[in-house]
Every structure is written in structure tokens, then in C-alpha cells.
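Within every chain, numbering begins at 1; the chains are lettered A, B, ... in the order of the sequence lines, protein sequences first and strands thereafter.
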Protein chains: 2
Amino acid sequence: MSRPRNQGLETREKILDVALELFTQNGYDKTSLRDIAERLGITKAALYYYFERKEDILLELHLRLHQFGSELLEEFEEIPDGEERVAAWPAVLDKLIEFLIGNRDAMLLHTRNPGAIGALYANERNRLENEILEQRLVRILSSPAIPLEQRVRMSCSIGVITELFGDSGLAFVDVPVEELIALTRQVVSDVLRVPLS
Amino acid sequence: MSRPRNQGLETREKILDVALELFTQNGYDKTSLRDIAERLGITKAALYYYFERKEDILLELHLRLHQFGSELLEEFEEIPDGEERVAAWPAVLDKLIEFLIGNRDAMLLHTRNPGAIGALYANERNRLENEILEQRLVRILSSPAIPLEQRVRMSCSIGVITELFGDSGLAFVDVPVEELIALTRQVVSDVLRVPLS
DNA sequence: GTCTATATTTCGATAGAC
DNA sequence: GTCTATCGAAATATAGAC
């Protein structure tokens, strides 16, 4: 029967939601704290109760993706290097597709604000996590246990997915999502030269 | 024997060159007119002699790409719709690869400044040209004379190229450019399910 | 064509009342 | 938790001399 005490947390989440939308739509630099505040019906100053700096809002949105990437890599790294990883790669792509569908805005935020995201490197925790994630992916794609051509194809497969569910998707808006996914998986299969699950 | 009177034009070109570099490197919003002026050894105010507004510099850089895209589309549109266009698509990709290699900065300018580029939509001429170019590409990729799967593959092939010569190329810096191009063409060939020239 | 000087605007951030 | 009011910095843009 107690009145919910989490209004603060709700407001904080709303700030992040609105910020994600505006940062994605209009760009981080061109989105002022005033824009965010007005959308929420509060004032600019109120935002400073929840976030010390504007950058901290972007940072929190960014670190969410680290979580997904890290978990995905962790699963994959448990697989022995070489042929087994090549065989397991399609499953990684499936999970990536699923994630991109559910987080289009979050992905757009990054692809459309590389400068602002890059500035987050000033944050020590973020820089460290980024470097580790990149090293882990590059290590996977640089393995001598996998032929160069196959590694290029693994990289290309990521490109195909990000393209179709990113900018280029405009031409196929009429195609049902499920059919588009099926076609994507088919193309990815050809890129990897192995059938998907 | 007459002293060249085109110093103005040369300065104008230099402004565009420096602007392209700084916009690409540091972002459009984070590049001030002062930055550009100082690099050229002139003052901020002098820039206003050549360009009425900062945006006009970006606009001129942008419209250059319209030229390439329009010419590429024009060639392709002369080909009869259907099988013949499917057969001609690989040649389009070759030209695209060649262009991307020779204009990496110009491409980076766009991919890294979607907000600023998007703001150019306020310019009537630019908005018109953009819409026409997009319509022309969408029309090509929407043709009922080409099976859906093939059209998706045509779209994906663009994605593969932009990916490998864009962000994802980091993992293969040690691979010679020529070899990387060869591998790219091989993957593109698989995506399209036709051999490249 | 280029300069100095300045007007004007916008934004991130802070202080303090309620 | 939210507000009003304001500061300081930086950027775009303009005016007018040379």
C-alpha cells in the first residue's frame, strides 16, 4: 500500500529514453539539455540533479552496449580457436541480428555520433572497456588458426547485417521483417559459405 | 605573362580542402571557422568573403558527391530494366570501389557528420537533388523486373564494400590493399552469386 | 581581399530559493 | 526534486576601416 518511492528512478529512465531518441534523431551536439528538459516538461537545471554533466547521459547509454558485446564475445571465446569457431560464427550473427532489431535506436546513436562517442574516451572506465572489447574482436579476426579469407568473410558478414538493418534498409520497408531476416540469413550464409542453422 | 588573377579561386579551393580535412577529422560542429582560418593563415572574417555562411562550405563539399552518384546512376539507368541490369551491377560496384578508394575523406565526412549533412536539407537545391538521387536508387532496387532476393543482394553488395573500406577495415591493416580488394571482389561475387569481371 | 572590433546567440553549468 | 536567475565560454555572424 506504500506509495512508490521510485519516481526519481523513473525520471532518470525517462531522461535516458528521451536523450537516446533526440541524440539519435538530431545528433548529440545539436541536442541541448534544454531540448531534453522541455520534452519531459521539466527545466534544464533539473537534469543536473540526475546527471552531473551532459556527457554522463551519453556515457550511460553507451555502456549499455558494452554489456551486450562483452557477453557475446565471452560466449564465443569459450569455443576453441580454429574450425570450431568458424562453425560457431553463424550463431553469433543470429544473436547480433536479434540484438540489432531490438536496439535500432541505440545502434543509430553510435553510428551517427562517432565524434561524441569518441570523446567518451576521456572517461577512463569507458576507454578501458572499449580497448578490451576491440582487442578481443581483433584477436578473434586475426587468428592464424583461421584462414585469411575466412576471417575476411566473418568481417563481411557483420557488414552485411549492419548495412541491411542500418542505413540501406530504406529500400525494403514493404518487405515483412521476418522475410527480410530470412533473406539476410541467406546472404550471410553465402558470405560465410556455410549454411546457417 | 599576366599575373594570375585566380588567387581568389585558389583560396576558395584551399578553404574547401582544409574544411574537408577538419570536418572529417574533428566533426563539423566541433570545427569552428576560426580553426579553418588559422590553418590557412587568414582570419575568420575573411572566410565570409568566400562563403556567406559556414553551412555553405559543407554544402559545396556535399554537392560534389551528388555529381558522382548522379553520373553513376545515369549510366546504369540507360541499361534496360531486368536481367540486363543484374548483369551490369558488378561494373557499378567496381566503379564504387574505385571511387571510395580515391575519396575516403569525402565519404568519412558524410558518415561521421550525418547530422550536419542532414541539416543541409534546409537548402532547397540540396533537398531536391537528394530526394531525386534516393528515388532513383530506390526505384532501381524496387523494380519488379528483378526478383526480390536479387535486389536484396544488390543492396547487400553495397554494404559489404562500404563496410570493408569503412569502419571494419581496422582488423586487416596488414593486408596489402590490392589483396584486400581482390578478397572484397570475391565476397561481393558470392553475395551477388555472379562472378565479377 | 583581408583585417579589427563587436554584436548576437546558444549552451553547459552553478547558486540558491522553495 | 524542481524551480528561477545568471554566469562564463565559445561560436556564428555583421559592420566598417584599410
Could you run down the sub-3.5 Å N/O contacts of the protein with nucleotides 13-17 of chain C?
{"unit_1": "C:dA13", "atom_1": "OP2", "unit_2": "A:Tyr48", "atom_2": "OH", "d": "3.3"}
{"unit_1": "C:dA13", "atom_1": "OP2", "unit_2": "A:Lys54", "atom_2": "N", "d": "3.1"}
{"unit_1": "C:dA13", "atom_1": "N6", "unit_2": "A:Lys44", "atom_2": "NZ", "d": "3.0"}

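Ion pair B:Arg185/B:Glu98 not flagged as a salt bridge, since none of the NZ, NE, NH1 or NH2 atoms sits closer than 4.0 Å to an Asp/Glu carboxylate oxygen. Under the 4.0 Å criterion applied to side-chain N and carboxylate O atoms, B:Glu38 and B:Lys44 are not assigned as salt-bridge partners.
The phosphate of D:dG1 (OP1 or OP2) has a side-chain N or O of A:Tyr49 nearer than 4.0 angstrom.
Among the nucleotides C:dG12, D:dA11, C:dC3, the one closest to any side-chain atom of B:Thr43 is C:dC3.
Between the side chain of B:Asp190 and the backbone N or O of A:Val191 there is no donor-acceptor pair closer than 3.5 Å.
One can place CD of A:Glu10 at 14 Å from C1' of D:dG1, the figure rounded to the nearest angstrom. Atom pair B:Asp29:CG and C:dG12:P shows a separation of 12 Å (rounding to whole Å applied). Atom pair B:Arg34:CZ and D:dA13:C1' shows a separation of 16 Å (rounding to whole Å applied). Across the protein-nucleic acid pair, B:Ile42 atom CD1 and C:dT4 atom P stand 12 Å apart, rounded to whole Å.
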Going by atom type alone, with no hydrogens or angles, which donor-acceptor pairs under 3.5 Å involve a side-chain atom of residues 136-149 of chain A and a protein atom two or more places apart or on another chain?
{"unit_1": "A:Arg136", "atom_1": "NE", "unit_2": "A:Glu77", "atom_2": "OE1", "d": "3.3"}
{"unit_1": "A:Arg136", "atom_1": "NE", "unit_2": "A:Glu77", "atom_2": "OE2", "d": "2.9"}
{"unit_1": "A:Arg136", "atom_1": "NH1", "unit_2": "A:Ser70", "atom_2": "OG", "d": "3.3"}
{"unit_1": "A:Arg136", "atom_1": "NH2", "unit_2": "A:Ser70", "atom_2": "O", "d": "3.4"}
{"unit_1": "A:Arg136", "atom_1": "NH2", "unit_2": "A:Glu77", "atom_2": "OE1", "d": "3.0"}
{"unit_1": "A:Ser142", "atom_1": "OG", "unit_2": "A:Val138", "atom_2": "O", "d": "2.6"}
{"unit_1": "A:Ser143", "atom_1": "OG", "unit_2": "A:Asp81", "atom_2": "OD1", "d": "3.1"}
{"unit_1": "A:Ser143", "atom_1": "OG", "unit_2": "A:Asp81", "atom_2": "OD2", "d": "2.5"}
{"unit_1": "A:Ser143", "atom_1": "OG", "unit_2": "A:Ala145", "atom_2": "N", "d": "3.0"}
{"unit_1": "A:Glu149", "atom_1": "OE2", "unit_2": "A:Arg153", "atom_2": "NE", "d": "3.1"}
{"unit_1": "A:Glu149", "atom_1": "OE2", "unit_2": "A:Arg153", "atom_2": "NH2", "d": "3.0"}
{"unit_1": "A:Glu149", "atom_1": "OE2", "unit_2": "A:Arg193", "atom_2": "NH1", "d": "3.4"}

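Dense packing is recorded around CZ of B:Arg127, with more than 12 heavy atoms of other residues, nucleotides or ligands lying under 6.0 Å away.
Applying the side-chain hydrogen bond (donor to acceptor under 3.5 Å, both in side chains) rule to pairs touching residues 99-110 of chain A yields A:His62-A:His110, sequence neighbours excluded.
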